[in-house]
There are 2 protein chains.
Amino acid sequence: MSQRNTGVTVQVVNAHACPVREVLDRVSGKWSVQILVAAAHGPIRFTELERSIEGISRRMLTLTLRNLERDGLVTRTVHPTVPPKVEYELTPVALELHETLQRLTDWAERNRVYIAESRAAYDTEREEPADA
Amino acid sequence: MSQRNTGVTVQVVNAHACPVREVLDRVSGKWSVQILVAAAHGPIRFTELERSIEGISRRMLTLTLRNLERDGLVTRTVHPTVPPKVEYELTPVALELHETLQRLTDWAERNRVYIAESRAAYDTEREEPADA
DNA sequence: CGGAATCCTTGTAGATACTG
DNA sequence: CAGTATCTACAAGGATTCCG
């Protein structure tokens with residue numbers, strides 16, 4: 001990447017970039033999805049997000065929020081009151097994404113047991129090959 | 001994971017894990033999805049995967065394949081010929097996942113331009129505030 | 001051909017402290 | 001309240017090499 005590194009990784013998207021990677025890149029990271037879920041119900045404040053996500057650091061919340069805002073997935077509204085109040089809200093595009101994500105969740109729900117068993121079986125086979 | 005750490009390790013999912021995180025954890029990583037896509041059309045060999053994915057290293061291909069196999073998403077079939085021939089194929093569960101992933105792709109396709117423009121606008125605003 | 005082992009660079013995220 | 005800045009860690013991923 002010849003570009004200047006301004007903090008936000010702005011790597012040149014590969015020309016061949018398949019849409020699959022594109023969306024995954026956008027949703028990757030530990031927190032993006034959880035923020036989308038938490039904000040899906042309507043406008044939510046910074047601190048509310050911080051508490052509802054449970055485990056996220058202030059830093060990561062800010063960073064992830066910034067990226068989502070940059071991609072046009074959340075809007076940031078500052079209420080010039082005192083103390084300050086900032087609300088985040090999903091854009092229509094993000095709401096669509098959220099719906100799609102729910103399909104993924106459904107898949108996970110349906111096959112959660114299958115996957116757990118597959119793992120257990122796989123691990124058992126390799127961990128105790130000396131078992132008689 | 002009692003296993004030795006060979007590089008990429010799939011940490012035990014937290015008990016509180018919401019399904020969203022669960023599926024994302026499974027699909028995360030740069031290569032999982034691309035392998036699912038490449039193998040969706042039918043059995044495919046290791047080397048074919050390596051070439052069709054373009055950019056993946058031997059190491060990551062092996063590692064990702066192992067994890068997918070462990071989760072019961074791909075089957076690994078060794079043909080005891082010489083030279084060796086190993087074929088990977090998606091399981092029914094993985095095919096379902098693949099379909100769901102396509103919905104995500106559709107979303108990306110539909111909103112690719114919107115997102116690109118959002119980014120451009122966002123970056124422009126912050127990069128040249130001193131512009132006269 | 002398919003894969004394992006090793007080494008090294010990087011991104012991603014946590015903790016902490018300071019500000020408007 | 002809602003951030004920002006810095007410093008650190010760890011684990012993902014790349015490159016290379018050896019093996020069946």
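- If you take CG of Leu24(A) and C1' of dG13(D), they are 16 Å apart, rounded to a whole angstrom.
- Side-chain atoms of Met60(B) lie closest to dG14(D) of the nucleotides dG14(D), dG3(C), dA13(C).
- Residue Thr62(B) places none of its side-chain N or O atoms closer than 4.0 Å to OP1 or OP2 of dG3(C).
- Exactly one residue among Val93(A), Leu97(A), Val23(A) makes a side-chain contact (heavy atoms from CB on, under 4.5 Å) with Asn111(B). That residue is Val93(A).
- In this entry the distance linking CG of Leu63(B) with P of dA5(C) reads 11 Å, nearest Å.
- Taking 4.0 angstrom as the limit, Arg58(A) places none of its side-chain polar atoms (N or O) nearer than this to OP1 or OP2 of dA17(C).
- In this structure, Glu50(B) and Phe46(B) have side chains that are in contact, with non-hydrogen atoms separated by less than 4.5 Å.
- Between the base of dG3(D) and the side chain of Arg59(A) there is no donor-acceptor pair shorter than 3.5 Å.
- Ile56(A) places its CD1 atom 14 Å from the C1' atom of dA2(D), with the value rounded to the nearest Å.
- Here the rule is side chain to side chain donor-acceptor pair (under 3.5 Å) with Glu87(B), and of Arg76(B), His79(B), Arg45(B) only His79(B) fits it.
- Leu68(B) places its CG atom 16 Å from the C1' atom of dG3(C), with the value rounded to the nearest Å.
- Atom CG in Leu65(B) sits roughly 10 Å away from atom P in dA4(C) (whole-Å rounding).
- If you check dG3(D), dA4(C), dG14(C) against the side chain of Phe46(A), the one that comes closest is dG3(D).
- Atom P of nucleotide dA13(C) and atom CD1 of Ile35(A) are separated by 10 Å, given to the nearest angstrom.
- Between the C1' atom of dC1(D) and the CG atom of Leu61(A) lies a distance of 13 Å, rounded to the nearest Å.
- Here the P atom of nucleotide dC1(C) and the CD1 atom of Ile44(B) are 15 Å apart, to the nearest Å.
- For the contact set between residues 73-85 of chain A and DNA chain C, defined by any heavy atom under 4.0 Å, the members are Pro84(A).
- Val37(A) has its side chain out of reach of Gln34(A): every pair of non-hydrogen atoms, C-beta onward, lies at least 4.5 Å apart.
- Interatomic distance, CE of Met60(A) versus OG of Ser32(A), reported as 8.0 Å (0.5 Å rounding).
- Contact of the Glu99(A) side chain with the Trp107(B) side chain is not registered, since no non-hydrogen atoms from C-beta on lie closer than 4.5 Å.
- Closest to the side chain of Trp31(A), from the set dA2(D), dA13(C), dA4(C), is dA13(C).
- In this model, the phosphate group of dG11(C) is not approached by any side-chain N or O of Lys30(B) to a distance below 4.0 Å at OP1 or OP2.
- For the pair Asp71(B)/Arg26(B), a side-chain contact is recorded, criterion being any heavy-atom separation below 4.5 Å from C-beta on.
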